[in-house]
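Structure record follows, encoded as structure tokens.
Nothing here was measured: the structure is a model prediction, and the numbers come from that model. Numbering starts at 1 and runs along the sequence shown.
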Amino acid sequence: MHFEQPSKNVIWTNEGFGNAVAIDTGKLYFIDSMANRNTMRKFREKVESVFNKKAHALLLTHHHGDHIFGNQLFKDLPIISSHKTREILIDWGKEIFLPENMKDWEGYSAEGFELTLPNHTFEKEMTFHDDHPLEFICLDGHVEGATICWDPDHKTIIAGDEIFNRRFPYGADMTSDVIKWRDALSYLIDLNPELVISGHGLPATNEDLREIHDFLKDVVRYYVTNKDISVKEILNDIEFPEYYNEGREVSREGSIKSWYLKFHPES
Ligand SMILES: [Zn+2]
């Protein structure tokens, strides 16, 4: 299988629909378990052999299926997420993530699938104190409970879906919040990272972070200044900010609709 090792202690792959990542801090953590668990199994074996150690825990950046369907491979280990991510998986995921509903997921292996919940949770942040510390920080934005990993010794961020690099950010989840997302981006920029692994797309440069931040800032400004506009009008308004829109119409529409609700809760 194909994977990339952009720094000594990080490996990632995009073969599982959502990017999956591993980081060696002295202990080996996997971040997100992708859509297809057969691919995830191969990724885990590969990574364990490169770093010559066994997985210590699985960290989940949020509740979307392309980041959690492989959880059951880690069920004997700590599976860690924000408290909110676990709550959403219990309330919503248990209704939605059923094999019969999920046939259209790319590469999804429905047969034998069990929804496996995080077994450790935290409220806002937690730190693993290994040879190198690893911070797990809940920022919200893409969805409620969305969390990033920060390795301060190597200035590495594993951003989950807080970063869609050079593709329209998917906000078509009813818990997506564009104001919190904008603020999450400025938090990431302030960390001044040297490596940023995104949830979808290639690793992001600081320039990419600023471009996404500018876009989200413009989106918030658009909603604030255009108070009396309908969703339909926004969808056809050429003034609505652009960010790598090509081929992302479904994502763009869904995001515009769900972000609209934050500014028009009565609609
Ligand atoms: Zn997501």
Side-chain angles (χ1 to χ4, degrees), residues 1-16 18-34 39-62 67-68 70-83 85-86 116-139 145-163 165 184 187-200 202-206 209:
M1 76 171 301
H2 180 74
F3 64 89
E4 302 276 340
Q5 187 168 5
S7 74
K8 224 170 87 182
N9 71 333
V10 172
I11 293 180
W12 70 282
T13 181
N14 64 1
E15 286 203 359
N19 293 342
V21 191
I23 184 163
D24 182 357
T25 61
K27 289 183 176 146
L28 178 56
Y29 296 88
F30 283 82
I31 295 118
D32 290 343
S33 65
M34 68 173 75
T39 311
M40 189 64 199
R41 185 180 290 114
K42 285 182 205 147
F43 180 59
R44 178 176 171 176
E45 284 167 10
K46 199 84 205 166
V47 167
E48 288 180 339
S49 89
V50 172
F51 288 131
N52 195 25
K53 58 184 75 165
K54 293 283 177 199
H56 176 66
L58 171 67
L59 315 181
L60 304 175
T61 60
H62 65 295
H67 298 260
I68 63 123
N71 285 4
Q72 71 198 77
L73 300 175
F74 295 83
K75 66 181 173 191
D76 299 327
L77 297 176
I79 301 178
I80 303 162
S81 76
S82 66
H83 188 64
T85 293
R86 183 181 149 93
T116 306
L117 296 172
N119 51 30
H120 285 52
T121 60
F122 63 94
E123 204 56 50
K124 273 282 152 207
E125 53 183 90
M126 72 182 293
T127 303
F128 302 96
H129 300 277
D130 305 323
D131 298 346
H132 299 283
L134 185 64
E135 298 171 20
F136 206 31
I137 305 158
C138 181
L139 296 173
T147 293
I148 62 116
C149 289
W150 169 236
D151 166 355
D153 287 355
H154 303 95
K155 296 180 84 61
T156 297
I157 293 171
I158 297 159
D161 282 3
E162 296 287 61
I163 301 295
N165 196 19
Y187 186 95
L188 300 185
I189 290 166
D190 288 346
L191 290 173
N192 192 24
E194 281 169 12
L195 175 64
V196 182
I197 307 291
S198 55
H200 296 268
L202 293 173
T205 62
N206 286 315
L209 296 187

Please tell me if the side chains of [X] and [Y] come closer than 4.5 Å, counting only heavy atoms from C-beta onward.
X      : Y      : result
Ile197 : Pro203 : yes
Thr61  : Ile31  : yes
Leu60  : Ile80  : no
Leu202 : Trp12  : yes
Phe3   : Lys42  : no
Leu58  : Leu77  : no
Cys149 : Ile23  : no
Leu117 : Ile79  : no

Inset, instruction - Please identify each residue that fulfils ring pair (Phe, Tyr, Trp, His ring centres under 6.0 Å) with Tyr29, with sequence neighbours left out. - result: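 Ring pair (Phe, Tyr, Trp, His ring centres under 6.0 Å) list for Tyr29, sorted by chain: His56, Phe128.
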Legend entry - Positive for side-chain contact (heavy atoms from CB on, under 4.5 Å) with Pro193, one of Leu188, Asn206, Thr156: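 When Leu188, Asn206, Thr156 are each tested with Pro193, the side-chain contact (heavy atoms from CB on, under 4.5 Å) holds only for Asn206.
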Find the distance between [atom1] ([X]) and [atom2] ([Y]) and round it off to the nearest 0.5 Å.
X      : Y      : atom1 : atom2 : result
Thr147 : Leu139 : OG1   : CG    : 7.0 Å
Met40  : Thr13  : CE    : OG1   : 9.5 Å
Ser81  : Met126 : OG    : CE    : 10.5 Å
Arg86  : Thr121 : CZ    : OG1   : 7.0 Å
Ser82  : Lys124 : OG    : NZ    : 8.5 Å
His67  : His62  : NE2   : NE2   : 4.0 Å

Legend entry - Intermediate values then yes/no, side chain to side chain contact (heavy atoms under 4.5 Å, CB included), Met1 and Thr39: CA-CA 8 Å; Met1 76 171 301; Thr39 311; 4.0 Å; yes
Legend entry - Donor-acceptor side-chain pairing of Ser198 and Asn165 below 3.5 angstrom: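 No, no side-chain donor-acceptor pair sits under 3.5 Å.
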Legend entry - Option among Asp151, Asp24, Thr25 that satisfies the side-chain hydrogen bond (donor to acceptor under 3.5 Å, both in side chains) test with Asn9: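 Answer to the side-chain hydrogen bond (donor to acceptor under 3.5 Å, both in side chains) test with Asn9 among Asp151, Asp24, Thr25: Asp151.
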Legend entry - Derivation of the side chain to side chain contact (heavy atoms under 4.5 Å, CB included) call for Ile68 and Thr85: CA-CA 11 Å; Ile68 63 123; Thr85 293; 5.8 Å; no
Inset, instruction - Any chance you could lay out the side chain to side chain contact (heavy atoms under 4.5 Å, CB included) test for Leu73 and Thr116, step after step, and finish with the verdict? - result: CA-CA 9 Å; Leu73 300 175; Thr116 306; over 6 Å; no
Legend entry - All side-chain contact (heavy atoms from CB on, under 4.5 Å) counterparts of Gln5, not counting sequence neighbours: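 Gln5: side-chain contact (heavy atoms from CB on, under 4.5 Å) contacts with Ile11, Val50, Phe51.
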Inset, instruction - Look at the rings of Phe30 and Phe43 and say which category their plane angle falls in: under 30° parallel, 30 to 60° tilted, over 60° perpendicular. - result: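 Perpendicular.
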Which atoms form the tightest heavy-atom contact between [X] and [Y], and what is the distance?
X      : Y      : result
Ala55  : Phe74  : CB-CE2, 4.2 Å
Gly26  : Asp131 : CA-OD2, 3.6 Å
Met34  : Gly18  : CB-O, 3.9 Å
His132 : Asp153 : ND1-OD2, 2.8 Å
Ser33  : Asn71  : OG-OD1, 2.7 Å

Legend entry - Main-chain N/O of His2 paired with Glu15 side-chain donor or acceptor, under 3.5 Å: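 Between the backbone of His2 and the side chain of Glu15 there is a qualifying donor-acceptor contact (under 3.5 Å).
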Inset, instruction - Go through the steps to decide whether Val21 and Val10 satisfy the test side chain to side chain contact (heavy atoms under 4.5 Å, CB included), and finish with yes or no. - result: CA-CA 7 Å; Val21 191; Val10 172; 4.0 Å; yes
